[in-house]
S.K.: 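Handing you this structure, nothing more for now.
Lettering follows sequence order; numbering is per chain, from 1.
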There are 2 protein chains.
Amino acid sequence: MKVLEERIIKDGQLLGETILKVDSFLTHQVDYQLMKDIGRVFAAKYRHEGITKIVTIEASGIAPALYVAEALDLPMVFAKKSKNITMTEDILTAQVYSFTKQVTSQVSIAQKFLKASDKVLIIDDFLANGQAAKGLIEMIEQAGAQVAGVGIVIEKSFQSGRQLLEEMGVPVTSLARLGRCENGEIKFLEADA
Amino acid sequence: MKVLEERIIKDGQLLGETILKVDSFLTHQVDYQLMKDIGRVFAAKYRHEGITKIVTIEASGIAPALYVAEALDLPMVFAKKSKNITMTEDILTAQVYSFTKQVTSQVSIAQKFLKASDKVLIIDDFLANGQAAKGLIEMIEQAGAQVAGVGIVIEKSFQSGRQLLEEMGVPVTSLARLGRCENGEIKFLEADA
């Protein structure tokens, strides 16, 4: 997605060779227009796949996922990173290991929001090692539902997440694919959309 | 907001007399169309106030805040509940006490996203004791910016949040104002919009 790559070049900040900071339009401050454009691109790709629900994980996945939901006229569900006193019913859970924080945390979705008849499109802001997406896939499969694909705003193509998800049989659509960035230069591989 | 009150009656669940669960359209599964309608109502109320930025707090505030941002064509910033390795610059922080979880947690916003010239509209999903909104106001004031108002999707009018914010000199606009719910019946006070 050319406009996304241009925005990353313009406003993204590299921290070392592996961390890309995009807090001015995606992960902290959010540019709704870019999110809306992103939503439309994913929707165009998945419009004829019979998707019934969009699933993401709080918090930075919510904005792009919401606009995918709008473009496909579907409900969006965001997985929770912490338990809440109002989550009293049956929940689906998965353990997600964070390589950057080096901790395993539990994520959860209320079971009632995923049915065996659902065909789910997962949306997330970043794909690095694929642990968050893997956790979402596990929960969706616990519910007996089908995962149609994973849509990623920015993939770190030098990490193993894409391979992990593809080995699970889940296709990945990434709008920007970041190569290893040497000498402070942001490099992209060819994107999926 | 009549359509919101009707949706709360239809899909909200009371847990005891003080907890309202709206996880099927706001806090876990999200109805984008309702969020979009909510965004337009807040935007209509604040369109001529010279707002320059929408601020909310992760995670349930993001969806309504994003559509307010769209309706007013403004950037949206969500305050973070936990530190992130990419938050390397100067940050504004506030301590937020949660009465339900009985813990104090720190919320933060990167300082670069709030300028002294900003006029901010705060959006959040719930107002109960007002501690989250108070924390956001404190951070915005640390930046020297002005808070034009707080827009709330569902106010628990039997708790002290609204009074707290009004005593801080900040006007509150709540789209649904929940009265004390006895015998499992949801009661509303007159809403602000």
S.K.: Determine, using the 4.5 Å side-chain heavy-atom cutoff (strictly less than), whether A:Met35 and A:Val3 are members of one ILVMFWY cluster.
M.R.: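 Linked within one cluster.
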S.K.: Please report the interatomic distance CG(A:Asp31) to CG(B:Leu66), rounded to the nearest 0.5 Å.
M.R.: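 With rounding to 0.5 Å, CG (A:Asp31) is 9.5 Å from CG (B:Leu66).
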S.K.: Considering only heavy atoms, which portion of A:Ile54 lies under 4.5 Å from any heavy atom of chain B: side chain, backbone, both, or neither?
M.R.: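 Answer is neither: A:Ile54 stays 4.5 Å or more from chain B.
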S.K.: May I have the step-by-step check of side-chain contact (heavy atoms from CB on, under 4.5 Å) for B:Asp23 and A:Lys112, ending in yes or no?
M.R.: CA-CA 10 Å; B:Asp23 62 347; A:Lys112 64 183 175 185; 3.0 Å; yes
S.K.: Which atoms of A:Leu26 are under 4.5 Å from chain B, going by heavy atoms: the side chain, the backbone, both sets, or neither?
M.R.: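 When you check distances to chain B, only backbone atoms of A:Leu26 fall under 4.5 Å.
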S.K.: Looking at every heavy atom in both B:Ile62 and A:Ala59, which two are closest together, and how far apart are they?
M.R.: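 Nearest pair, atom of B:Ile62 first, then A:Ala59: CD1-O, 3.7 Å.
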S.K.: Would you say B:Phe99 ends up clustered with B:Phe158 if hydrophobic residues are merged whenever their side chains have heavy atoms under 4.5 Å apart, either directly or through other cluster members?
M.R.: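 No: no chain of side-chain contacts under 4.5 Å links B:Phe158 to B:Phe99.
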S.K.: For a quick test of reading the model, state the closest non-hydrogen atom pair linking B:Phe78 to A:Ser60 and the distance between them.
M.R.: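 Distance-wise, the nearest heavy atoms are CZ-OG, 3.8 Å.
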S.K.: Surrounding CD of A:Gln163 (heavy atoms of other residues, nucleotides or ligands, distance under 6.0 Å), is the total greater than 12?
M.R.: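 Open: at most 12 neighbouring heavy atoms sit under 6.0 Å from CD of A:Gln163.
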S.K.: Going only through I, L, V, M, F, W and Y residues with side-chain contacts under 4.5 Å, is there a path from A:Leu4 to A:Leu189?
M.R.: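 No, no single cluster joins them.
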S.K.: Do the side-chain N and O atoms of A:Lys53 and B:Gln29 include a donor-acceptor pair separated by under 3.5 angstrom?
M.R.: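 Yes, side-chain donor-acceptor contact under 3.5 Å.
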S.K.: Are the side chain of A:His28 and the backbone N or O of B:Ile109 linked by a donor-acceptor pair below 3.5 Å?
M.R.: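 Checking the backbone N and O of B:Ile109 against the side chain of A:His28, no donor-acceptor pair under 3.5 Å is found.
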S.K.: When only pairs under 4.5 Å are counted, which of A:Tyr67, A:Phe25, A:Phe113 shares the most heavy-atom pairs with chain B?
M.R.: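 That would be A:Phe113.
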S.K.: Any idea which heavy atoms bring B:Tyr32 and A:Leu74 closest together, and the distance?
M.R.: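 Shortest heavy-atom contact: CD2-O, 3.7 Å.
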S.K.: Relative to chain B, which segment of A:Gln13 carries a heavy atom at a distance below 4.5 Å: side chain, backbone, both, or neither?
M.R.: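 When you check distances to chain B, only side chain atoms of A:Gln13 fall under 4.5 Å.
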S.K.: Group every Ile, Leu, Val, Met, Phe, Trp and Tyr by side-chain heavy-atom contacts under 4.5 Å, then state whether B:Ile57 and B:Tyr97 land in the same group.
M.R.: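 Different hydrophobic clusters.
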